[in-house]
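Computed from a prediction, not measured in an experiment: that's the story for all the values here. All ligand and atom numbering here is 1-based and tracks the order in the structure.
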Amino acid sequence: MTQSSTPPLRGRLAPSPTGALHLGNARSFLIAWLSIRSRGGTVLLRMEDLDHPKVKPQAAQQALEDLRWMGLDWDEGPDVGGPFVPYVQTARLERYAEALAKLQEQRLLYPCVCSRQDVEAGQSAPHAGEDGLAYDGACRGRFANYAEAAATLPPGRLPAWRFRAEAGETVFEDGFRGWQRETVSQTVGDFVIARHPQGAGYMLAVVVDDAAMGATEVLRGDDLLPATHRQLLLYRALGLTPPRFVHVPLVVAPDGRRLAKRHGDTRLAALRQHGLRPSQVVGVLAEWCGWAQPGEEIMPVDLVSRFRLDSIPRAPVVLSDEVKQKLGCMA
Ligand code: GLU
């Protein structure tokens, strides 16, 4: 008998409860779900709620409801359990602390007392345009230990932990965008992974969790593509195996920007309130991926056999006035 060494196919939906789901997120989640379901894999859902200032009450529940309303389901998650409980990041803090300790032992981290803004930004996923200039390394080698760094700060402020991005490229083959390479030490420099010893942020948590939960595929919006290189450095440092990454184009407003409130209310909750059926909304998302005809109404389960990554247009989808009118979400 031959033994297969390929791990079982597992993908994840990783909503952040920082605002209601809109058409753009919904499209990425639909693609991620279909990619796994079309090959008979397992879908897990993880709630990424580490970014406290931005996390809104009820938004986690709302995200689950929105995803279910549009016809997506998951085999493991906060509301259904599974072998890797808990599926909520704020309940997994000790795992991130363990990973921090491992990185510290390898002297890959140093305490940093630089700008608060930079440190806060490290808490959530860096979406398009949110990465600033490369860090100049001001705190690298500056303090003998954490306590010494803390002593330079006013009461109530704690040093962050920054990861040393060593010189050298990270290279990976993206399932949609092909070969990617970047030298993080030049583009971003050393980056924040925890705002204080117990305050791990998105970049570390997503790596720890995807590895622990056995995610073999991470499919998400391509504004997170640059973050993947930072994540690969963390996979390497922690001795973990990275998943296959697939980054798909975003839905943008006619001005080319990320969808925002000023472009009209495209939140699923609002569309639902206007009386739209999920099949109408999913129909539009599917049309944007080349899987449905204009005006067709369809549910995700009926798209499983139509799923093809290569029919998704390579350019971002522009949310046209025509579609907005159809969905009743003009600004
Ligand atoms: N929770 C992140 C977000 O909603 C997504 C992270 C990821 O897919 O890696 O922005």
Q. In terms of heavy-atom contacts, does NZ of K102 have more than 12 from other residues, nucleotides or ligands at under 6.0 Å?
A. no
For A125, is at least one N or O under 3.5 Å away from an N or O on ligand 1?
no
message: Any non-hydrogen side-chain atom of L309 less than 4.5 Å from a side-chain atom of F176?
response: yes
- prompt: Do W291 and F307 have their ring centres less than 6.0 Å from each other?
  reply: yes
* Given the side-chain rings of F172 and W179, with only the six-membered ring counted for Trp, is the space between their centroids under 6.0 Å? -> no
Residue, atom and distance of the protein heavy atom nearest atom 10 (O) of ligand 1 read H127 NE2, 2.6 Å
Atom 3 (C) of ligand 1 sits nearest the protein heavy atom S16 OG, 3.3 Å
Just which atoms of ligand 1 are under 4.0 Å from any heavy atom in [X]?
X    : result
Y202 : 6 (C), 7 (C), 9 (O)
R220 : 7 (C), 8 (O), 9 (O)
V206 : 9 (O)

If you compare E48, R46, R12, M203 by their heavy atoms, the one closest to atom 8 (O) of ligand 1 turns out to be R12
Tell me, with the steps shown, if T90 and D49 meet side chain to side chain donor-acceptor pair (under 3.5 Å).
CA-CA 6 Å; T90 45; D49 58 348; 2.6 Å; yes
Does one side chain, of D79 or Y87, offer a donor that lies under 3.5 Å from an acceptor on the other? no
